[in-house]
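Structure first, commentary second.
Numbering of residues begins at 1 and proceeds along the displayed sequence.
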Amino acid sequence: MADAAVDTVASVPVAVIGAGPAGLMLAHLLGRAGVETIVVDTRTRREIETTQRAGILEADAARDLVETGVSDRILRDGCEHEGVELRFGGRPHHIDFKQLVGASVWLYPQTDVFIDLADAQDRDGGAVHFGVKDTEVLGVTTDAPRVRYTAPDGSRHEIRARYVVGADGSRSMCRDLVPEDRRVRYGKEYPFAWFGILAEAPMSAPELVYAHSEHGFALISQRTDTVQRMYFQCSPEESVDAWPDNRIWETLQARVAGQDGFRLKEGPVLEKTVLRFRSFVQEPMRWGSMALAGDAAHTVPPTGARGLNLALHDVKVLADVLLKALGGAGEAALDEYQPRALQRVWRAQNFSYWMTQLLHTAPGSTPFDLRRQLGELDNVVGTRAGRTYLAEQYTGWPTRPH
């Protein structure tokens with residue numbers, strides 16, 4: 001379709017493929033500096049804002065949403081969490097982030113981050129086109145790349161840009177534009193998944209609860225005062241149809257049960273899903289006039305709550321180097337992007353892997369494996385160094401004092 005006629009041609013400094021939080025935050029940051037962008041996405045706005053995703057933001061990411069003028073809604077509707085609870089051996093263990101590292105995290109769903117960013121683009125006159133198809137990115141090894149797409153009404157359009165950013169998620173088309181013999185893909189598949197639910201119920205705990213038990217892993221999260229998000233470890237091949245509400249609650253209750261008598265507050269299950277996950281990084285994160293950001297370049301298991309935060313950090317760095325490049329520094333400025341982004345990416349990959357292996361029971365695990373895990377958990381909660389390590393990693397190595 002590269003030679004097909006187009007109905008309109010637009011020229012902007014930066015074209016963005018993907019209108020999730022990464023793509024929209026990049027457009028917002030560039031727009032604040034006077035750099036025009038056009039963002040396109042194959043999904044409709046409704047599809048994006050109704051897909052349940054991550055719910056934890058680092059304090060730095062939360063502050064950036066407020067201070068860059070996206071929205072202050074996180075301060076009104078979000079919930080600041082000053083720690084998490086690890087439950088194992090039938091007992092709770094609180095990790096106090098504030099006391100250990102002077103930081104916190106915010107419970108604020110990714111869907112709300114997206115809504116805030118999309119509303120900010122509407123407010124500021126940003127060009128975002130949802131529901132497009134037949135997207136092509138051409139000429140990424142030149143200084144005049146082009147993006148072509150078909151609008152929902154069937155018309156064909158072309159964007160001429162100086163730079164293209166692929167922020168098109170874990171099924172990225174853009175990352176495949178890096179030639180196979182010039183890219184390296186690192187990854188790890190996990191032999192388990194998460195069974196996730198949304199439940200209409202009161203909060204069972206004020207902060208996240210990570211549970212390790214002989215029955216398996218569970219994560220107790222929150223969404224609002226009346227709707228909660230919870231997960232338990234399952235097979236990647238699990239079918240949601242095999243799980244009526246009573247079986248779900250029996251499984252979750254068994255995995256959080258302890259000597260303190262803790263029980264989850266139950267209610268109707270509104271949504272069920274099986275969430276597969278993996279660790280993945282593609283290098284390079286830049287090829288010619290194209291850069292990759294967020295899940296297009298890397299994904300992490302959800303255990304460490306790093307995915308959305310990594311994506312927002314990517315585009316913060318990328319906005320900085322793009323402004324330098326467009327301001328006259330040229331290619332030399334873009335060379336900064338990958339090393340600055342990848343340092344945090346690999347630290348987050350390590351933490352997410354560590355949290356995952358710390359709390360999950362792999363198929364075929366022996367009694368030795370289980371006891372060893374308990375010993376590691378005891379080391380984490382039983383020493384200040386262990387608690388501090390978890391707090392520093394979970395809060396995202398804050399860059400500003402709190």
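Without hydrogens or angle criteria, Y210 side chain to T303 main chain gives a donor-acceptor distance under 3.5 Å. The closest donor-acceptor contact from the side chain of R229 to the backbone of S221 lies at 3.5 Å or more, if one exists at all. With hydrogens and angles disregarded, no donor-acceptor distance shorter than 3.5 Å links the side chain of E49 to the backbone of F114. Side chain of D153 to backbone of S155: a donor-acceptor contact under 3.5 angstrom is found. Put simply, the side chain of D245 gets close to the backbone of V269: a donor and an acceptor are under 3.5 Å apart. Put simply, the side chain of R175 gets close to the backbone of S170: a donor and an acceptor are under 3.5 Å apart. A donor-acceptor pair under 3.5 Å is absent between the side-chain atoms of S365 and the main chain of T361, judged by distance alone. Not a single donor-acceptor pair under 3.5 Å links the side chain of R185 to the backbone N or O of G187. Under a 3.5 Å cut-off, the side chain of T395 and the backbone N or O of A391 do form a donor-acceptor pair.
Both tests hold for R347 against W397: distance to the six-membered ring centre under 6.0 Å, angle to the ring axis within 45°. Remark: R371 is not positioned above the aromatic ring of F368, lacking an NZ or CZ atom under 6.0 angstrom from the ring centre and at most 45 degrees off the axis.
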Assess whether side chain to side chain contact (heavy atoms under 4.5 Å, CB included) is satisfied between V140 and W287, documenting all intermediate values.
-> CA-CA 7 Å; V140 296; W287 182 251; 4.0 Å; yes

For I38 and V147, what are the C-alpha separation, side-chain angles and deciding distance, and is it a side chain to side chain contact (heavy atoms under 4.5 Å, CB included)?
-> CA-CA 10 Å; I38 297 177; V147 176; over 6 Å; no

T37 and V12: side chain to side chain contact (heavy atoms under 4.5 Å, CB included), yes or no, with the steps?
-> CA-CA 6 Å; T37 62; V12 291; 5.7 Å; no

Please lay out, stage by stage, how E238 and W243 fare under the test side-chain hydrogen bond (donor to acceptor under 3.5 Å, both in side chains).
-> CA-CA 9 Å; E238 198 65 67; W243 288 84; 3.1 Å; yes

Step-by-step side chain to side chain contact (heavy atoms under 4.5 Å, CB included) determination, M290 to M285 = CA-CA 9 Å; M290 179 186 70; M285 290 179 64; over 6 Å; no

Test log, rule side-chain hydrogen bond (donor to acceptor under 3.5 Å, both in side chains), inputs S172 and D168 | CA-CA 5 Å; S172 173; D168 50 340; 2.7 Å; yes

Checking salt bridge (charged side-chain N to carboxylate O under 4.0 Å, His left out) for the pair D122/R45: CA distance, chi angles, key distance, verdict?
-> CA-CA 12 Å; D122 287 344; R45 173 167 174 164; 3.2 Å; yes

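Under 3.5 Å, the side chains of D64 and T68 contain no donor-acceptor pair of N or O atoms. Between the side chains of E82 and S104, no donor N or O sits under 3.5 Å from an acceptor N or O. Of the N and O atoms on the side chains of E207 and H94, at least one donor lies less than 3.5 Å from an acceptor on the other residue. A donor-acceptor pair shorter than 3.5 Å can be found between the side chains of D116 and Y108. Side chain to side chain, R156 and T150 meet the donor-acceptor criterion of an N or O pair below 3.5 Å. A side-chain N or O of D314 and one of H298 form a donor-acceptor pair less than 3.5 Å apart. For the residue pair Q228 / R223, no side-chain donor-acceptor distance below 3.5 Å is found, with atom types taken as modelled. W354 and E376 share a side-chain donor-acceptor pair at under 3.5 Å. Looking only at atom types and distance, the side chain of S289 has a donor-acceptor partner in the side chain of R162 under 3.5 Å away. In this structure, a donor-acceptor pair under 3.5 Å is present between the side chains of Y190 and S279. Inspection of the R306 and Y394 side chains reveals no N or O donor paired with an N or O acceptor under 3.5 Å.
Counted within 6.0 Å of CD on E331, heavy atoms from surrounding residues, nucleotides or ligands total more than 12; the atom is thus considered enclosed. The number of heavy atoms from other shown groups lying within 6.0 Å of CD (E47) is above 12. Atom CZ of R247 has more than 12 heavy atoms from other residues, nucleotides or ligands within 6.0 Å. Within 6.0 Å of CZ in R91 there are 12 or fewer heavy atoms belonging to other residues, nucleotides or ligands. Applying the 6.0 Å contact sphere to CZ of R160 captures no more than 12 heavy atoms from other residues, nucleotides or ligands. More than 12 heavy atoms of other residues, nucleotides or ligands shown are found within 6.0 angstrom of CZ on F130.
With respect to R263 and E250, no salt bridge is recorded, no charged nitrogen being found less than 4.0 Å from a carboxylate O. Using a cutoff of 4.0 Å between basic side-chain nitrogens and carboxylate oxygens, R87 and D260 are scored as salt-bridged. Looking at K98 and D96, no side-chain N of the basic residue comes within less than 4.0 Å of a carboxylate O on the acidic one, giving no salt bridge. Between R146 and E158, at least one side-chain nitrogen of the basic residue sits less than 4.0 Å from a carboxylate oxygen of the acidic one, meeting the salt-bridge criterion. A salt bridge is absent between D369 and R372; no separation between the charged side-chain nitrogens and carboxylate oxygens falls under 4.0 Å. Between E283 and R182 no salt bridge is recorded (no basic side-chain N to carboxylate O distance below 4.0 Å). Salt-bridge annotation for K316 and D320: absent, with no side-chain N of the basic residue lying under 4.0 Å from a carboxylate O of the acidic one. The pair D72-R76 meets the salt-bridge criterion, with a side-chain N (NZ, NE, NH1 or NH2) lying under 4.0 Å from an Asp/Glu carboxylate O. Salt bridge annotation for R171-D176: absent, with no cationic side-chain nitrogen under 4.0 angstrom from a carboxylate oxygen. Between R276 and E237 there is a salt bridge, since a side-chain N of the basic residue sits under 4.0 Å from a carboxylate O of the acidic one.
Taking both residues in full, the closest heavy atoms of H360 and Q373 are given as O-NE2, 2.6 Å, listed atom of the first, atom of the second, then distance. Of all non-hydrogen atoms in G20 and D41, the two that sit nearest each other are N-OD2, 4.0 Å. Here the closest non-hydrogen pair linking T135 and Y149 is OG1-CB, 4.0 Å. Nearest heavy atoms, A291 versus L318: CB-CD1, 3.9 Å. Minimum interatomic distance between F195 and V240 (heavy atoms only, all atoms of both residues): CE1-CA, 3.9 Å. Here the closest non-hydrogen pair linking G23 and V16 is CA-CG1, 3.7 Å.
Under the ring-ring contact (aromatic ring centres under 6.0 Å, His included) rule, F217 has a single partner from Y231, F232, W194, F88, which is W194.
Taken from CG in L208 to CG in L219, the straight-line distance is 5.0 Å, to the nearest 0.5 Å. Between atom CG of residue L374 and atom CD of residue E214 there is a gap of 10.0 Å, rounded to the nearest 0.5 Å.
Between V165 and L26 the shortest side-chain heavy-atom distance falls below 4.5 Å. Residues L377 and L86 are in side-chain contact: their nearest non-hydrogen atoms beyond the backbone lie under 4.5 Å apart. Two residues are said to be in side-chain contact when any heavy atoms from C-beta on lie closer than 4.5 Å; L24 and Q121 meet this criterion. A 4.5 Å side-chain heavy-atom check between H28 and D124 finds at least one atom pair inside the cut-off.
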